Participant: 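Shown below is the structure under consideration.
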Amino acid sequence: MKLVHLTPVPGETELAGFEDLRAYFANRVWNAPSFLLNIVSTAGGAFVGANGSSRDISDEYDYQSLIGYRSVADGILTTAATARAEAYRRSKFAPLALVSKSGDFSGIPAVEVDSAGPETSKVYLLVRRGLVRRTRQRYQRPWIDVRSIGAGSPFGLSLRLTRLGWRRILVEAGPTFARWLLSRSVIRGLALTIVRADGLSPIDAAKAAMSGLGITGAVLESADQVDGTMFTRWSEISAR
């Protein structure tokens with residue numbers, strides 16, 4: 001397997017297999033404390049496929065990058081809607097934190113199914129303070145821990161995760177929640193995978209997705225490619 005480095009220093013690295021690809025992303029610099037948004041898109045800016053899931057457009061290379069980032073994260077943050085659509089399981093790499101405005105976490109394997117991952121892997125259900133009691137009464141599995149995020153502001157969310165001891169927070173969200181976090185300057189780094197990016201420069205490959213996320217400016221730190229799948233990292237992000 002050949003990993004082609006496009007920028008900042010062009011070159012190539014021969015990888016023995018998927019484990020080496022996973023390790024490459026696990027060893028990437030990730031300053032803490034910070035939120036790193038990991039998201040996949042097509043070059044046309046689509047974040048999901050025909051079935052409304054990112055799995056429709058993702059591939060094995062993208063999956064290995066995700067596992068690499070998960071292996072060094074203190075926790076994984078997403079919404080109940082995304083966890084439901086993507087059939088999230090509990091991860092052996094890091095605990096989950098699921099956010100919901102309504103307190104509805106039904107239909108999520110990580111929340112409701114005994115066999116959906118290690119029972120020792122925590123799932124934090126994050127809700128506004130007025131929903132805490134009702135949510136605790138409804139979800140009482142041993143891996144569940146319901147926590148308040150106050151009024152639901154970005155500060156309340158960040159404070160709660162900080163109090164959990166999380167410093168490297170991996171955000172695996174759909175575009176709606178991602179835009180909300182980006183526009184409020186919560187996200188400090190972006191790991192954007194673009195599938196089917198053959199023949200495109202990193203800027204051109206990422207352009208539609210960046211626009212879809214409301215990003216108006218960012219610094220490209222690096223771009224790598226395996227076959228037609230491109231991995232980009234961005235910092236100094238501004239968004240509307």
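Note that this is a predicted model, so its numbers are computed, not measured.
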Participant: If I take atom CZ from residue F18 and atom CE from residue M1, how far apart are they, to the nearest 0.5 angstrom?
Facilitator: 4.0 Å
Participant: Any donor and acceptor pair, going by atom type alone, linking the side chain of R89 with main-chain N or O of S115 inside 3.5 Å?
Facilitator: yes
Participant: Do F47 and L213 make a side-chain contact, defined as non-hydrogen atoms from C-beta onward lying under 4.5 Å apart?
Facilitator: yes
Participant: Are L66 and F231 connected in the hydrophobic side-chain network, where two residues link if heavy atoms are under 4.5 Å apart?
Facilitator: yes
Participant: More than 12 non-hydrogen atoms from neighbouring residues, nucleotides or ligands closer than 6.0 Å to NZ on K122, yes or no?
Facilitator: yes
Participant: For the side chain of R55 and the backbone of E86, is there at least one donor-acceptor N/O pair under 3.5 Å apart?
Facilitator: yes
Participant: Any idea which heavy atoms bring L6 and M230 closest together, and the distance?
Facilitator: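 Between these two residues, the closest heavy atoms are CD1-CE, 3.8 Å.
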Participant: So, taking the atom named OG1 in T162 and the one named CG in L157, what distance separates them when rounded to the nearest 0.5 Å?
Facilitator: 9.0 Å
Participant: Give a yes or no on this: more than 12 heavy atoms of other residues, nucleotides or ligands lie within 6.0 Å of atom CZ of R184.
Facilitator: yes
Participant: Is a side-chain donor-acceptor pair under 3.5 Å present for S106 with D104?
Facilitator: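 A donor-acceptor contact under 3.5 Å links the two side chains.
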Participant: Per the side-chain contact (heavy atoms from CB on, under 4.5 Å) rule, which among V123, T79, L126, I144 passes with L98?
Facilitator: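 The single option meeting the side-chain contact (heavy atoms from CB on, under 4.5 Å) with L98 is V123.
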Participant: Give a yes or no on whether the backbone of P118 and the side-chain of R90 come within a donor-acceptor separation of less than 3.5 Å.
Facilitator: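 Yes: the side chain of R90 pairs with the backbone of P118.
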Participant: Looking at E19, I'd like to know if its CD atom is crowded, meaning that more than 12 non-hydrogen atoms belonging to other residues, nucleotides or ligands lie closer than 6.0 Å.
Facilitator: no
Participant: For the hydrophobic clusters of this structure (ILVMFWY residues joined by side-chain heavy atoms under 4.5 Å, transitively), does one cluster hold both V146 and I149?
Facilitator: no
Participant: Classify the ring geometry of W166 against Y124: parallel below 30°, tilted from 30° to 60°, perpendicular beyond 60°.
Facilitator: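 Taking Y124 first and then W166, their aromatic rings stand perpendicular (interplane angle over 60°).
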Participant: CH2 of W234 to CG of L220: how many Å apart, nearest 0.5 Å?
Facilitator: 4.5 Å
Participant: With rounding to the nearest 0.5 Å, note down the distance linking CZ in R240 to OG in S183.
Facilitator: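 Spacing of CZ (R240) from OG (S183) equals 10.5 Å.
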Participant: Side-chain heavy atoms nearer than 4.5 Å, only ILVMFWY residues, links allowed to pass through others: does that put I169 and W180 together?
Facilitator: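 Yes; tracing contacts between hydrophobic side chains, which count when under 4.5 Å, links both residues.
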Participant: When you measure from the side chain of R196 to the backbone N and O of A43, does any donor-acceptor pair fall under 3.5 Å?
Facilitator: no
Participant: Considering only heavy atoms from C-beta outward, does the side chain of R134 approach that of V127 to under 4.5 Å?
Facilitator: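 In short, these two side chains do not touch, never coming nearer than 4.5 Å.
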Participant: Taking all non-hydrogen atoms of both residues, which atom of S65 and which atom of T193 are closest, and how far apart?
Facilitator: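 Here S65 and T193 meet closest at OG-OG1, 4.0 Å.
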Participant: With a sphere of 6.0 Å drawn around OH of Y63, does it hold more than 12 non-hydrogen atoms of other residues, nucleotides or ligands?
Facilitator: no
Participant: Testing the 3.5 Å rule here: is there a donor-acceptor pair between the side chains of T82 and E172?
Facilitator: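 Not at all, the side chains of T82 and E172 share no donor-acceptor pair under 3.5 Å.
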Participant: So L37 and L181, do their side chains get closer than 4.5 Å, heavy atoms only?
Facilitator: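 Not in contact.
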Participant: With the side chain counted from C-beta on, respond yes when I67 and F25 share a heavy-atom pair under 4.5 Å apart, and no when they do not.
Facilitator: no
Participant: Parallel under 30°, tilted from 30 to 60°, perpendicular over 60°: which one fits the rings of H5 and Y24?
Facilitator: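 H5 and Y24: tilted rings.
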Participant: Would you give the length of the straight line joining atom CG of D145 to atom CG of L96, rounded to the nearest 0.5 angstrom?
Facilitator: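 Nearest 0.5 Å value for the CG-CG distance: 12.5 Å.
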Participant: Do V186 and I215 sit in the same hydrophobic cluster, where Ile, Leu, Val, Met, Phe, Trp and Tyr count as joined when their side-chain heavy atoms come under 4.5 Å apart?
Facilitator: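 Yes, same cluster.
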Participant: Under a 4.0 Å N-O cut-off, is there an ion pair linking R233 with D224?
Facilitator: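 Looking at R233 and D224, the cut-off is not met.
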Participant: Where the side chain of S158 meets the backbone of F155, is there a donor-acceptor pair that is under 3.5 Å apart?
Facilitator: no
Participant: Answer yes or no: is there a side-chain heavy-atom contact under 4.5 Å between T78 and V99?
Facilitator: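 No, too far: nothing below the 4.5 Å cut-off.
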Participant: So does Y61 get a backbone contact from the side chain of D59, meaning a donor-acceptor N/O pair under 3.5 Å?
Facilitator: yes
Participant: Within a strict 4.5 Å, meaning less than it, do heavy atoms of the P95 and W143 side chains meet?
Facilitator: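 Not in contact.
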Participant: Determine whether a donor-acceptor pair (N or O, by modelled atom type, separation under 3.5 Å) exists between the side chain of Y139 and the backbone of F105.
Facilitator: yes
Participant: What pair of heavy atoms forms the shortest contact from A94 to R70, and how long is it?
Facilitator: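 The answer is CB-O, 4.1 Å.
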Participant: Ignoring hydrogens, what is the shortest heavy-atom contact between A116 and P109? Give both atom names and the distance.
Facilitator: CB-O, 3.4 Å
Participant: Under 3.5 Å, is there a donor-acceptor pair between the side chain of D20 and the main chain of A16?
Facilitator: yes
Participant: Hey, what do you get for CG (L36) to CD1 (I187), rounding to the nearest 0.5 Å?
Facilitator: 7.5 Å
Participant: Are L77 and F177 close enough that some pair of their side-chain heavy atoms sits under 4.5 Å apart?
Facilitator: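 Contact flag for L77/F177 side chains = yes.
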Participant: Sort out for me which residue in L161, L182, L190, L170 forms a side-chain contact (heavy atoms from CB on, under 4.5 Å) with F35.
Facilitator: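 Among the candidates, only L161 passes.
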Participant: Do R147 and L164 touch side chain to side chain, with heavy atoms closer than 4.5 Å?
Facilitator: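 They are in contact (side-chain heavy atoms under 4.5 Å apart), so the answer is yes.
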Participant: Output, in order, the C-alpha distance, side-chain angles, deciding distance and verdict of side-chain contact (heavy atoms from CB on, under 4.5 Å) for M210 and L192.
Facilitator: CA-CA 9 Å; M210 300 284 272; L192 171 64; 4.2 Å; yes
Participant: What closest approach, in Å, do A151 and R128 show between heavy atoms, and which atom pair accounts for it?
Facilitator: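 Reported closest heavy-atom pair: O-CD, 3.5 Å.
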Participant: Restricting to non-hydrogen atoms, name the atom on V40 and the atom on S54 that form the minimum distance, rounded to 0.1 Å.
Facilitator: CG1-CB, 4.0 Å
Participant: Is there a path of hydrophobic side-chain contacts, each under 4.5 Å between heavy atoms of I/L/V/M/F/W/Y residues, joining V226 to I194?
Facilitator: no
Participant: For R167, is there any backbone N or O sitting under 3.5 Å from a side-chain donor or acceptor partner on D74?
Facilitator: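 A pair under 3.5 Å: yes.
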Participant: Are the side chain of R141 and the backbone of A110 linked by a donor-acceptor contact shorter than 3.5 Å?
Facilitator: no
